[in-house]
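A short write-up of the structure that comes next.
Whatever order the structure lists them in is the order used to number ligands and atoms, beginning at 1.
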Amino acid sequence: MFESLPEPKLDGIIALMQAFADDPRLGKIDLGVGVYRDEVGRTPVMQAVKAAEQHIIDTQQSKSYLSLAGDGAFLTQMEALLLGGAVPSDRVAAVATPGGTAAVRQMCELIRLARAQATIWVSAQTWPNHGPLIAAAGLKSRPYRYLDAVTGTLDRAGMMADLEQADAQDVVLLHGCCHNPTGVDPSPEDWAEIAALLDRRGALPFVDMAYQGFGAGLDADAGGLRHLAARLPEVLVVASCSKNFGLYRERVGLAMAVVPAPRRATLAGTLAGLNRKIFAFPPDHGGRVVSTILGDTQLRHMWQAELEQMRGRVAENRSALAAALREALGSDQFGFIADQQGMFSLLPLTPDQIAALREAHGIYILGDGRMNMAGLNDQSVPVLAQAMAQVLEG
Ligand code: LMR
């Protein structure tokens, strides 16, 4: 049966996690997978999560099945967190999924059911799993320009020119905030222009929100999404609670369609049916933690303060690294690091330079140059700056 099965190709992020784990050097530095780390390198369970879990343990009476869409309270709270009331709830259909990854896959399945010929436009630099997830659902993808690699800012003109070619048969995948891997996000004016372009072209926006709260703040990070939802008749949204609630391994995510009210029930039923065909009922524990936190004033404050602290640490790491590189290189060529936001920046290094960071210095970044800013601390910032100066000198 399996003689002709092709050898599996390991995802670059997962392969790097493994290589880092296998590296015996004590001073190794993990700037690979997108996981928040504190100053001493831990990814702690948030205090608000601990408190919510305790509450669930004390009060939960049953673990019997819920609906295929998952817990209604989770979906309602997440709708408010994401959309902030930008559209009435009778336009919103959502289901819980095992993490944001499954939400992307379910959305691709939904698109395929609606329009198997659709092309999904994807930013030229994107999360390495987007392409495989789209292809696994049997859909085509096409890149649009995104990063201006010289300035480390949005290639607004290139992006708009490419998306002018999208039409009503197409879907445009956008990162809601903290673009992965570039750290470059559209400004509010850019979002308005994107919305106007999509409106004109009739293409369907598909927003992936995996880092809400890590960029400019919870509401500001959702500003682009809310603008699209308020302006356009249809928007697809996927979200992850891995990072902003630190619930990585619990797999908490959702797939949401904003549609004209008369279509809502069809979308809700179709999304629930897609869940049934792949995993039936979504996991509940993590989603219940999220709804417990968001539904309780005190826990919500606690969570927001913890998230704000994480956001601040990532921003400080950005400033510290930009300053250390300015000093080590005597140039401001990496000044863009301080201006970008979220966990990631894309370093313009060659594959050889990236390999030298790993082999000679024990510093792990992804093969495309993506590094996780949350993996840095006071000790590793100067180490990285010096190592980069060395590999850049060749
Ligand atoms: C990342 O981009 O590193 C994270 O989203 C983890 C993942 O699932 O790839």
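- The pair Glu109-Lys277 does not count as a salt bridge, with every side-chain nitrogen at least 4.0 angstrom from each carboxylate oxygen.
- Interface atoms of ligand 1 facing Asn180, defined by a heavy-atom separation under 4.0 Å, are 2 (O).
- In Asp11, neither the side chain nor the backbone holds a heavy atom less than 4.0 Å from any atom of ligand 1.
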*Passes salt bridge (Lys or Arg N to Asp or Glu O under 4.0 Å), Asp23 versus Arg25? Steps please.*
CA-CA 6 Å; Asp23 187 335; Arg25 286 174 288 182; 2.8 Å; yes
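- The side chain of Tyr211, and not its backbone, has at least one atom closer than 4.0 Å to an atom of ligand 1 (non-hydrogen atoms only; side chain from C-beta on).
- Side-chain contact check for Arg318 and Ser345: at least one donor-acceptor pair (N or O, by modelled atom type) lies under 3.5 Å.
- Numbered from 1 in the order shown, with element, the atoms of ligand 1 that lie under 4.0 Å from a heavy atom of Ile13 read 1 (C), 2 (O), 3 (O), 9 (O).
- With Phe20 as the aromatic partner, Lys28 meets the cation-pi criteria of under 6.0 angstrom to the ring centre and within 45 degrees of the ring axis.
- Contacts between Lys243 and ligand 1, counted as non-hydrogen atom pairs separated by less than 4.0 Å, involve the side chain only.
- Protein heavy atom at the shortest distance from atom 7 (C) of ligand 1 is Trp127 NE1, 3.7 Å.
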_Worked check of salt bridge (Lys or Arg N to Asp or Glu O under 4.0 Å) between Asp162 and Arg142_ = CA-CA 10 Å; Asp162 288 348; Arg142 201 172 151 181; over 6 Å; no
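- Within the 4.0 Å heavy-atom criterion, both parts of Val33, backbone and side chain, lie near ligand 1.
- Close N/O approach between Phe344 and ligand 1 is not found [any backbone or side-chain N/O within under 3.5 Å].
- Given atom 2 (O) of ligand 1, the protein heavy atom at minimum distance is Arg370 NH1, 2.9 Å.
- Leu133 is listed as a side-chain neighbour of Trp127, based on a closest heavy-atom distance under 4.5 Å.
- Looking at Lys50 and Glu53, no side-chain N of the basic residue comes within less than 4.0 Å of a carboxylate O on the acidic one, giving no salt bridge.
- For Asn129, the closest heavy-atom approach to ligand 1 does not fall below 4.0 Å.
- For Met17, no heavy-atom contact with ligand 1 is shorter than 4.0 Å.
- Salt-bridge check for Asp284 with Lys63: failed, with every basic side-chain N at 4.0 Å or more from each acidic carboxylate O.
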